[in-house]
Structure formats: structure tokens, C-alpha cells
Amino acid sequence: MNVDVVVVGAGPTGLMLAAELGLAGVRAVVVERLARRSGQSKALGIQPRSAEALELRGLLEPLMDRAIQRVPGGHFAGLRLDYTAWDTRHPYSIGIPQGRVEALLEERLGELGVQVLRGQEVTGLSQDADGVEATLLGPAGESRLTARFLVGCDGGRSTVRELLGIGFPGLDGRLLSVVADITISDPDGAVPETWTLPVMTPDKTGKGYIAPIGDGVHRFLFYGAEQQRLSRDTPISEDEVQRALHNEFGPGVRLTGVRWASRFTDASRQVERYRHGRVLLAGDAAHIHSPMGGQGLNLGLQDAFNLGWKLAGEIAGWAPEGLLDTYHSERHPVGARVLANTRAQAVLIVHDEENLALRDIVEQLVRVPEANRIVAGMISGLDVRHDLPGRRHDLLGRQVPDLDVVTAAGPGRVAELLRDGRGLLLTTADEAAFAEAAGPWSARVGRAHVKAELGADGVLVRPDGYVCWAGSIADASGLADALTRWAGAPSR
């Protein structure tokens with residue numbers, strides 16, 4: 001099979017990337033080692049910036065139909081954060097098992113005609129100046145895929161990364177924890193009936209967090225002195241889980257079954273480069289960190305959202321030189337910040353006197369509105385601002401606000417104008433002049449005259465929702481430069 005892009009890994013990152021490529025008309029295929037989805041709940045939360053990205057493609061509403069619950073705000077090592085300090089329509093965390101996110105994205109791939117090849121393990125990889133060849137091993141034996149590019153979205157133990165010999169520098173884990181999907185008997189009602197954020201106060205014995213995830217199953221995460229004495233490979237017994245339940249909720253809560261359980265650490269690692277010739281890495285294949293703050297799934301989704309349209313432009317031939325490399329320059333610093341804040345959170349839950357004293361001080365600090373805003377922006381992803389070239393403006397490099405707008409077609413919202421995956425030029429004045437200036441890019445950039453306060457006569461928005469130019473028609477050369485930089489050469 002010859003395709004444009006091979007995406008390795010059918011987790012949220014790989015499926016989101018494939019959906020973006022399919023929307024742009026790229027011939028992509030997803031290769032997945034597992035014959036079927038595992039059924040494990042895994043990650044449980046969608047953050048505001050990811051909700052905004054999903055809204056840009058019309059995926060947020062169907063996702064909310066499958067969600068467990070929507071909870072205001074977020075948390076930093078179990079300390080409550082208020083997301084309303086940021087300008088977003090989605091100042092909340094969405095509780096939803098990862099498997100449901102994957103199912104939704106795979107349905108979108110079906111609509112776009114993008115194939116998912118399951119039960120196919122990548123065993124070999126080579127590349128040259130023209131493309132990539134992947135060797136696959138499946139039930140029918142060995143086969144080969146050739147493509148112009150390949151993206152490894154195959155998790156923290158990435159085969160793609162290993163086959164290319166890419167280093168994965170970082171810090172080893174210090175804190176060992178357990179996550180499990182369990183069923184329980186709770187006659188006294190000691191366990192919460194609704195999904196909540198893990199707002200908790202560690203002590204010398206550790207801590208546990210539990211939440212219902214549907215069908216009578218609860219997600220239980222715990223750590224303590226017992227876990228620190230064990231190795232990561234030690235099997236998780238029902239007795240160990242029961243002891244943790246007893247420590248957290250008392251003797252009335254009884255374990256009745258373990259559906260799935262795993263040990264994890266707060267190890268943090270990140271590849272030095274996200275692009276290696278015609279092979280790129282995204283999601284956990286590019287970075288791993290502890291699940292503190294509920295950022296992992298979100299970081300991968302946003303990697304994919306940043307990469308998809310740039311890779312599509314490279315395939316289509318309109319991408320200017322260097323556009324694809326901005327995937328690394330923009331997303332690597334974002335990943336590094338997440339690694340840093342999860343390391344800090346891990347320190348705040350380690351159960352010794354010094355760390356608990358530090359936690360008390362941090363808890364007081366995040367109650368200060370401005371401090372809360374800083375930390376909330378970091379965890380939610382709402383503070384991401386790319387350092388983009390051009391005349392400085394408050395919106396430059398930021399996510400475009402999802403404003404109410406009135407277009408020729410009637411009232412709507414900015415997010416709805418980006419559903420087709422193209423860029424967008426929003427104008428508030430002199431529409432004819434803007435139309436003339438941007439006309440040569442009309443195949444790749446939509447245009448809308450809006451009645452909204454943007455702080456500029458015109459705002460150019462990339463397909464991923466980030467503002468890459470803001471100004472007036474008097475700055476026609478600046479607009480043309482931005483259009484060329486982000487949407488390629490003008491059509492003749």
C-alpha cells in the first residue's frame with residue numbers, strides 16, 4: 001500500500017492526527033498493534049484548550065454526549081483551580097474515559113474514509129529523501145507500507161522511536177502509584193456517587209482518589225508507603241487494592257473485582273527533536289510525564305492538532321519552507337512546560353514532612369487570584385502563546401476568541417467558521433479591501449466579515465485556531481507576508 005502518511009498508533013493522538021489529515025484530503029492510514037481497543041479507561045479528562053480544539057472541528061458536542069460529567073475548574077496536585085479567570089467558553093474539566101474519546105475519533109475517521117489497520121505491528125523502518133517504508137507484521141504475515149511521511153504516535157514505549165534509535169532523556173520516577181478500574185460494595189455510601197476532581201490532602205500514609213466511570217465501575221488511584229516499597233513489575237493483588245480502599249474510605253468499602261490495574265511512576269522524558277527527516281513523533285512517543293493535573297491526553301491531542309494541517313500542507317505542496325519544522329519549535333516548549341509542572345506537582349504529594357510543609361504554602365498561594373490564574377492557565381493549556389513573527393498585537397500567537405459573529409449567512413461563532421480545516425481571515429471593516437488583498441489565498445483561507453470586537457480591523461487565524469496576524473488593511477504588506485508564511489504562495 002502506498003499512502004501519503006502512515007500514523008503509527010490508534011490512541012487519541014494518532015486518531016486526532018489522522019482525522020486532521022483526512023479532513024485536508026491527505027491519503028493517510030493508521031497502523032495499530034492491538035487487534036481491538038483494550039477497553040481500559042486510561043486517561044479521564046479533557047482540558048479547556050482541548051475542548052476548544054474539538055469545538056473547532058464540531059467534535060465537542062458529540063463528545064459531551066458521551067462524557068461522565070463536566071466539573072468547573074481543574075486542579076494542581078489536588079489543589080483546586082478556577083478556570084474562569086481565563087477567557088474561554090469552556091472553563092471546566094470534562095470527565096470522559098479515553099476509550100470513549102478514541103471511539104468518537106475513530107467514527108470521524110470512518111466518515112472521512114481513513115482506514116485503521118489493526119493487529120499490525122511495526123517491525124522495521126527505513127527512510128530516504130523521498131519517503132518512508134514501514135515493515136508490518138500481522139496475522140497474515142509480513143507486509144510493507146510506503147509513504148511520504150510517518151508519524152509515531154505509539155506511546156511512551158514507542159517502537160518508532162526505538163527503531164530510529166532516538167534518545168529519550170529525562171528523569172527517572174520517584175513516586176510509584178497504582179491506577180485500577182474496580183467494582184466495589186459500598187453499603188454506607190462512603191464513596192462519592194459523582195465524578196469529581198481529585199482535590200485531596202496527602203498525609204504520611206499517602207492518598208487515594210476514586211470516581212465512578214460508568215457501568216458500576218470506579219477508577220481508583222492510590223499511592224502510599226506500601227507502594228514505594230514495591231517494584232514497578234510487582235503484580236497488583238486484590239489485597240493491595242483492598243488495603244488502599246480501607247485506608248482511604250474505612251472498612252465498609254469492599255473490593256468486589258479488579259477489571260484492570262497498572263503501576264506508574266512520575267518519570268518525565270522528552271525527545272530532543274520532534275522531527276527526524278520524514279518521521280515525526282507526537283503524544284507520549286515524544287514526551288512522558290506523570291498524570292498530575294490530567295494533562296497527558298490533552299498534550300497529545302494538541303500535538304496532533306498543531307501538526308495535522310502543517311503536514312497536510314507539505315503533502316499538498318503549498319507549505320512554505322520551514323512550516324513543518326514549526327511543529328517542533330512550537331510544541332516542544334509546551335511539552336517541556338508540562339513536564340516541569342508535573343514534576344512540581346509530584347513533589348507536593350510526596351508524603352514527608354518537608355514536602356507537606358511546602359504544599360501548605362503552595363495551597364495558600366493558589367488562593368490568590370493572580371497566582372491561581374497563572375497555574376490555571378498552565379494546567380488548562382489556555383496560556384499557550386506561540387512566539388510568532390509580525391507586528392506585535394495582544395492576539396498574536398494566542399488562540400482566537402470564540403466570539404459571537406454575524407456573517408452573510410447569519411449569526412454564528414468563530415469556532416464554526418473553522419470547521420473545514422482551512423485558515424480564516426476575520427474582518428471588521430473595509431471588507432472589499434481585505435477581500436482584494438487576501439483573494440489569491442482564497443482556496444486555503446476562508447474569509448468572514450464579522451461584527452465583533454477584535455482589537456484590529458483584521459485577524460488572520462491558522463487552521464489550528466491560533467492568530468498569526470492582526471492589523472489593518474493599511475498594513476497590506478504585513479497581511480501578505482503572514483498569508484505567505486502560513487498559507488503558502490498566492491495562487492495565480
Side-chain angles (χ1 to χ4, degrees), residues 38-45 68 75-79 95 97-99 156 172-267 289-294 296 342 345-360 363:
S38 69
Q40 300 169 358
S41 61
K42 297 185 179 180
L44 273 186
I68 301 168
H75 76 96
F76 180 83
L79 304 174
Q98 178 176 317
D172 293 334
R174 297 163 296 178
L175 182 70
L176 191 61
S177 305
V178 173
V179 61
D181 290 351
I182 63 175
T183 55
I184 60 174
S185 171
D186 180 27
D188 299 328
V191 172
E193 293 290 333
T194 58
W195 188 84
T196 61
L197 294 171
V199 177
M200 55 191 183
T201 303
D203 57 33
K204 292 182 180 180
T205 65
K207 193 62 182 177
Y209 161 70
I210 196 166
I213 58 175
D215 301 323
V217 179
H218 284 73
R219 158 65 62 84
F220 186 35
L221 184 152
F222 61 92
Y223 65 93
E226 177 181 355
Q227 283 66 55
Q228 310 323 305
R229 293 192 296 267
L230 303 174
S231 73
R232 185 169 182 175
D233 297 328
T234 302
I236 300 166
S237 68
E238 291 190 355
D239 286 343
E240 181 183 355
V241 179
Q242 179 61 69
R243 284 192 293 273
L245 284 170
H246 180 275
N247 291 338
E248 185 66 22
F249 302 106
V253 179
R254 301 296 303 173
L255 178 71
T256 59
V258 177
R259 301 285 184 88
W260 160 76
S262 177
R263 297 190 195 277
F264 66 92
T265 75
D266 59 341
H289 54 84
S290 86
M292 294 292 176
T342 54
Q345 291 182 76
V347 169
L348 296 179
I349 67 168
V350 173
H351 44 279
D352 60 39
E353 294 289 350
E354 291 81 5
N355 291 34
L356 293 177
L358 175 62
R359 180 189 177 86
D360 288 342
E363 183 172 12

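For this chain, numbers begin at 1 and follow the sequence in order.
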Considering residues at least two apart in sequence or located in another chain, which fulfil the side-chain hydrogen bond (donor to acceptor under 3.5 Å, both in side chains) criterion with [X]?
X	result
Thr194	none
Glu226	Arg243
Thr234	Ser231

>> Please check: side-chain N/O of Arg263 versus main-chain N/O of Gln227, any donor-acceptor pairing under 3.5 Å?
In response: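 Checking the backbone N and O of Gln227 against the side chain of Arg263, no donor-acceptor pair under 3.5 Å is found.
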In chain order, what residues pass the side chain to side chain contact (heavy atoms under 4.5 Å, CB included) check against [X], with sequence neighbours excluded?
X	value
Glu248	Lys207
Arg259	Asp181, Thr183, Val217
Asp215	none

Any side-chain heavy atom of [X] within less than 4.5 Å of one from [Y]?
X	Y	value
Val347	Arg174	yes
Trp195	Leu44	yes
Arg254	Ile184	no

>> Which residue is it: Asp266, Leu175, Leu356? I am looking for the one with a side-chain contact (heavy atoms from CB on, under 4.5 Å) to Ile349.
In response: Leu175
> Which heavy atom of Arg219 sits nearest a heavy atom of Trp260, and at what distance?
Replying inline: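 Distance-wise, the nearest heavy atoms are NH2-CZ3, 3.9 Å.
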> After noting the C-alpha distance and the side-chain angles of Val178 and Phe220, does the key distance pass the side-chain contact (heavy atoms from CB on, under 4.5 Å) rule?
Replying inline: CA-CA 8 Å; Val178 173; Phe220 186 35; over 6 Å; no
